[in-house]
Protein chains: 2
Amino acid sequence: MSDTTKTSLTPVAQKFILHWGEMGTKWGINRTVAQVHALLFLSPHPVPADEISSTLSVARSNVSTSLRELQGWGIVRLVHVLGDRRDHFETTKDVWEIFQTVSEERKRREIDPTLRVLAECVQELKAGAQGETYTRERLESMLDFLTIMTGLFEEILRMPVGALKGVGKLRGKVITLLGSEKKKAG
Amino acid sequence: MSDTTKTSLTPVAQKFILHWGEMGTKWGINRTVAQVHALLFLSPHPVPADEISSTLSVARSNVSTSLRELQGWGIVRLVHVLGDRRDHFETTKDVWEIFQTVSEERKRREIDPTLRVLAECVQELKAGAQGETYTRERLESMLDFLTIMTGLFEEILRMPVGALKGVGKLRGKVITLLGSEKKKAG
DNA sequence: CAGTATGTACAGAATATACTGCACGGACGG
DNA sequence: CCGTCCGTGCAGTATATTCTGTACATACTG
């Protein structure tokens, strides 16, 4: 069943996929990787790699690499389809879930190491009792900020899928609450 | 007064600046740009371009470009120092403010255009009453998500400088509140 | 077991990005 | 007015990243 369905994209799908690719590059994600993700996101069925390859006009091996990358990020899974030997791929369809997954992974890969480096820097400055007071102040404020911010962010991420709509409705109120609580506390 | 002070970096400063550079690249920001920013962030005084150049060992013109870029992001300002013809540069020192500024700019440059594209796509799908129901569902859910999310984020950003500490304290409570409100509403 | 389908690793080519060095222009200093 | 300082634009170079094509491994098919 090498029915390599030559899937061609509708104009809208194409528009979205291309834009998603650009978007990706601006956030440090490989264009092809982002495009593959967009394609899977729009596809109602799992898609085999060679079909992705022909649809996007990129080398088969490139698709392979991109899929591996996306699996690494935890938003693409390999699945099988009855009567087809080939691996098929699908992505998480729930947008909030995608966001959660990617954010957590990015935190793990990029923020956590930064926190570690900052902590080390501060530590080293505490040890060598030099006149680097200013540097230390700056680094500490940065460390504090990132710590609080990621903590907050993590809690938001931990909210159940779909809670977002609730947040949407509550919005204005909640933030105002935060603001006023702050005033009281300050 | 071409007192081009050959400033050399302390080990800690160097460590931070290098890491910040790497960090930058992972988020789609030029390494040198990030390094220049880190340098300014740690510096107690405004710094002239040639000093940045020699301290980081990058070409003068490269520094010039990077500074322009940082000014474009709104986190670096040109200032003058008495008795010195040269332009000096300083960055915002408040980390929360840096975060606010950069986030807003990134939203403006990257998220907003995406929202626009998504809206267009959805619109086009509504017009041409095709069988692209699935595509439309996906794109709509993405559009909804991004709309809500950026709205929420914007409100958070609008919180006064320093409110963050308050939020830090309130944290657990607030998020729990959000969660339970959701349950009630659902 | 031969033959074919499928997936992946990797070397080299192609491209994009970043950086340097210099040249030019304006402004200042005497 | 020179001579110098300073900033910026740009052409060419260097580097990093991405992509392709092929070669190889594995596993299924008959």
Side-chain angles (χ1 to χ4, degrees), chain A residues 1-5 17-18 20-37 39-40 46-72 76-90, chain B residues 1-5 17-18 20-40 46-73 76-90:
Chain A
M1 198 198 262
S2 304
D3 178 14
T4 304
T5 323
I17 290 171
L18 288 176
W20 205 240
E22 299 311 317
M23 184 87 306
T25 62
K26 299 204 186 177
W27 290 85
I29 287 167
N30 179 288
R31 176 179 283 110
T32 306
V33 171
Q35 287 182 350
V36 169
H37 175 248
L39 175 61
L40 292 179
V47 187
D50 54 355
E51 191 177 319
I52 301 177
S53 171
S54 68
T55 307
L56 295 181
S57 308
V58 287
R60 181 65 188 67
S61 55
N62 195 3
V63 171
S64 185
T65 308
S66 300
L67 285 169
R68 173 178 307 283
E69 177 82 7
L70 286 166
Q71 285 173 284
V76 160
R77 279 166 305 286
L78 186 158
V79 295
H80 281 111
V81 168
L82 236 59
D84 196 334
R85 268 170 68 191
R86 298 172 298 176
D87 293 347
H88 290 235
F89 299 88
E90 67 179 10
Chain B
M1 198 201 258
S2 303
D3 178 12
T4 303
T5 321
I17 290 171
L18 288 176
W20 206 239
E22 298 311 317
M23 185 88 301
T25 61
K26 299 205 185 176
W27 291 86
I29 289 166
N30 179 287
R31 175 178 283 107
T32 306
V33 171
Q35 287 182 352
V36 169
H37 175 247
L39 175 61
L40 291 179
V47 187
D50 54 355
E51 192 177 319
I52 302 178
S53 172
S54 67
T55 306
L56 296 181
S57 307
V58 288
R60 181 66 188 70
S61 54
N62 195 3
V63 171
S64 185
T65 308
S66 299
L67 285 169
R68 172 177 307 282
E69 177 81 7
L70 286 165
Q71 284 172 285
W73 283 102
V76 160
R77 280 165 305 284
L78 186 159
V79 295
H80 281 111
V81 167
L82 237 56
D84 196 334
R85 267 169 69 191
R86 299 172 298 175
D87 294 346
H88 290 234
F89 300 88
E90 67 180 10

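A, B, ... follow the sequence lines: proteins, then strands. Residue 1 opens every chain.
For the residue pair A:Leu67 and A:Ala49, the shortest heavy atom distance occurs at CD1-CB, 4.0 Å. Of all the heavy atoms in B:Gln71 and B:Val76, the pair that sits closest is CG-O, 3.3 Å. Listed here is the closest heavy atom pair of A:Glu51 and A:Thr55: O-OG1, 2.6 Å. Nearest heavy-atom pair across B:Ala34 and B:Gly24 is CB-CA, 4.2 Å. The two residues B:His80 and B:Leu78 have their closest heavy-atom pair at CE1-CD2, 3.7 Å.
Counting to the nearest Å, the C1' atom of D:dG7 and the CG atom of B:Leu78 are 10 Å from each other. Remark: C1' of D:dT8 and CD of B:Glu69 are 15 Å apart, rounded to the nearest angstrom. Atom CZ in A:Arg60 sits about 18 Å away from atom P in D:dC24, given to the nearest Å. Put simply, NZ on B:Lys26 is 16 Å from P on D:dA16, counting in whole angstrom units. Atom CZ of B:Arg31 is separated from atom P of D:dT15 by 13 Å (rounded to the nearest Å). Distance CG (A:Leu67) to C1' (C:dT6): 14 Å, rounded to an integer number of Å. Rounded to whole Å, atom P of D:dT20 lies 10 Å from atom CG of A:Leu56. Rounded to an integer number of Å, the gap from B:Arg86 CZ to C:dG29 P is 14 Å.
In this structure, of D:dG7, C:dC19, C:dA9, it is C:dA9 that holds the atom nearest to the side chain of A:Arg68. Residue B:Ser61 places its side chain closer to C:dT20 than to any other of C:dG7, C:dT20, C:dC28. Picking from C:dG7, D:dT18, D:dC6 the nucleotide with the shortest atom distance to the side chain of B:Asp84 gives D:dC6.
A sub-4.0 Å separation between OP1 or OP2 of D:dC19 and a side-chain N or O of A:Thr65 is absent. Close to C:dT8, at under 4.0 Å from its OP1 or OP2, lies no side-chain N or O of A:Asn62.
Comparing B:Ala49 and A:Ala59 by the nucleotide of DNA chain D whose heavy atom lies nearest to each, the residue mapping closer to the 5' end is B:Ala49. Remark on DNA chain C: of its neighbouring residues B:Asn30 and A:Asp87, the 5'-side contact belongs to A:Asp87, judged by nearest-heavy-atom nucleotide.
For a distance-only test at 3.5 Å, the side chain of B:Arg85 qualifies as a donor-acceptor partner of the base of D:dC5. Judged by atom type and distance alone, B:Ser64 does not reach the base of D:dG7 through any side-chain donor-acceptor pair under 3.5 Å.
Between its two ends, the helix from C:dC1-D:dG30 to C:dG30-D:dC1 turns its axis by 10°, counting five pairs per end and rounding to 10 degrees.
Checked by atom type and distance alone, the side chain of B:Ser64 never pairs as donor or acceptor with a backbone atom of B:Arg60 at under 3.5 Å. Without hydrogens or angle criteria, A:Ser53 side chain to A:Val58 main chain gives a donor-acceptor distance under 3.5 Å.
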